[in-house]
Protein chains: 2
Amino acid sequence: MSQNSRKILSEHSVSITNPRILVLEALLDFGNPITIDELQLKLGDSVAKSTLYRVLNDLKKINILNEFTSPDNSTVVELILEDHSHHHHLFCSDCGEVIDVELSEEFEIMLTKEIQKVQKKFNFEITDHRVEMFGLCTEECANCKKN
Amino acid sequence: MSQNSRKILSEHSVSITNPRILVLEALLDFGNPITIDELQLKLGDSVAKSTLYRVLNDLKKINILNEFTSPDNSTVVELILEDHSHHHHLFCSDCGEVIDVELSEEFEIMLTKEIQKVQKKFNFEITDHRVEMFGLCTEECANCKKN
DNA sequence: AGCATAAATGAGAATTTATCTCATTTTTTT
DNA sequence: AAAAAAATGAGATAAATTCTCATTTATGCT
Ligand SMILES: [Mn+2]
Ligand SMILES: [Mn+2]
Ligand SMILES: [Zn+2]
Ligand SMILES: [Zn+2]
């Protein structure tokens, strides 16, 4: 069952170790952006705290992990897999859920044009962008306090 | 000279104290988004560390301070003044500078439409959004290491 | 202006999150 | 299988933010 993670590790020529497999499996299994808190919970004491942070840095170094900060200041990580295309994030201000969102191609094109204007205006070289959306999940949410 | 900050405080009915005036003056004077580090430097020891954080929270509470995290994980704050319209941010990955950017009205309209689609799709109530752009300042920049 | 009350401050302790150190264990190479 | 290199675990350390509490300051009312 850990074939996926072993493959990922060997493809990036980093040595195959138990903590790395466990962290990758947890991320693959969860499938969504996850806070480091939640990740630690999922892993229990199978991976030492210091090792978890080290492994996450390793994954960032080989460019298969994306890290960002949620509006309530927790650190969120997500795997960047082959089929993982450019996307953005939607945050629930209540329960803290983070959802992947793909915006339309037309929109991304318009944003790119807009960014070109910004580059010129500020004499910047813009290499990346991020669109973040904040609100409340109105669905049946077990975690949302508001229900 | 501290009339601006006194006015801001009284308009929001929070008591007028020296630390609050000093922090507001520093923010007004700098005029741009500023990291808490830099703000502490500007203030020297005129305001205690604990008080600075408290005052920033006070300003957040009365909705005249915006706080966000820069890509290098420093906390950035900026005043929200009357004339301060909806805008976004551009970050230099090298020197850490944060620049206010207004995007075109057409773009914001398109983004709003895009967000409406997202709301429906995920059954969310989206109340706010943020566009962040990352890159390098190519201008003469005293702080950029690359030069 | 002076007093009473409520609110804010300063100093440092405590908490939280992340990194670092180093002896030991595991992985890789030979 | 042995040697060399790399990674790990446990705990120490560091940085950022919040908390505690005794003292000071601001406000509202004589
Ligand atoms: Mn994502
Ligand atoms: Mn701004
Ligand atoms: Zn929710
Ligand atoms: Zn720069």
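Protein chains get the first letters and strands the later ones, always in sequence-line order, with residue 1 at the start of each.
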Q: Please check the phosphate of C:dA8 (OP1 and OP2 only) for any side-chain N or O of B:Thr17 closer than 4.0 Å.
A: no
**Q.** Interatomic distance, B:Leu22 CG vs D:dT25 C1' [rounded to whole Å]
**A.** 14 Å
(Q) Less than 4.5 Å apart, side chain to side chain, heavy atoms only: is that true for B:Ile36 and B:Tyr53? (A) yes
Q) How close or far is atom P of C:dT29 from atom CD1 of A:Ile16, stated in whole angstroms? A) 10 Å
Q. What is the distance, rounded to the nearest whole Å, between atom CG of A:Asp72 and atom P of D:dT18?
A. 12 Å
Q: Could you check which residues of residues 47-61 of chain A get a heavy atom under 4.0 Å from DNA chain C? Sort them by number, please.
A: A:Lys49, A:Ser50, A:Tyr53, A:Arg54, A:Asn57
Q) CG of A:Leu9 versus P of C:dT26: gap in Å, rounded? A) 18 Å
Q. Taking C-beta and beyond as the side chain, do B:Val77 and B:Asn66 meet within less than 4.5 Å on heavy atoms?
A. no
Q | Spacing between B:Asn18 atom CG and D:dT27 atom P, to the nearest angstrom | A | 12 Å
**Q.** Interatomic distance where CD belongs to B:Glu67 and P belongs to D:dA16 [whole Å]
**A.** 14 Å
Q. Mapping B:Gln40 and B:Val14 to their closest nucleotides on DNA chain D, which lands nearer the 5' end?
A. B:Gln40
Q. Rounded to whole angstrom units, what separation is found between the CG atom of B:Asn73 and the P atom of D:dA15?
A. 15 Å
Q) Taking the side chain as C-beta and beyond, is there a heavy-atom pair between B:Leu56 and B:Leu65 under 4.5 Å? A) yes
Q: Measure across A:Arg130 and A:Glu67 and return the closest heavy-atom pair with its distance rounded to 0.1 Å.
A: NH2-O, 4.1 Å
Q | Ring center gap for B:His129 and A:Phe134 short of 6.0 angstrom | A | no
Q) Distance check: side-chain N/O of A:Ser15 vs OP1/OP2 of C:dT26, anything under 4.0 Å? A) no
Q. Please walk me through it: do B:Leu79 and B:Leu24 pass side-chain contact (heavy atoms from CB on, under 4.5 Å)?
A. CA-CA 8 Å; B:Leu79 276 183; B:Leu24 274 175; 3.8 Å; yes
Q. Within this structure, what is the CZ-to-C1' distance between A:Arg6 and C:dT26, rounded to whole angstrom?
A. 13 Å
Q | Candidates C:dT9, D:dT8, C:dA18 - which lies nearest the side chain of B:Pro19 | A | C:dT9
Q: Report yes if the distance between the aromatic ring centroids of B:His86 and B:His84 is under 6.0 Å, otherwise no.
A: no
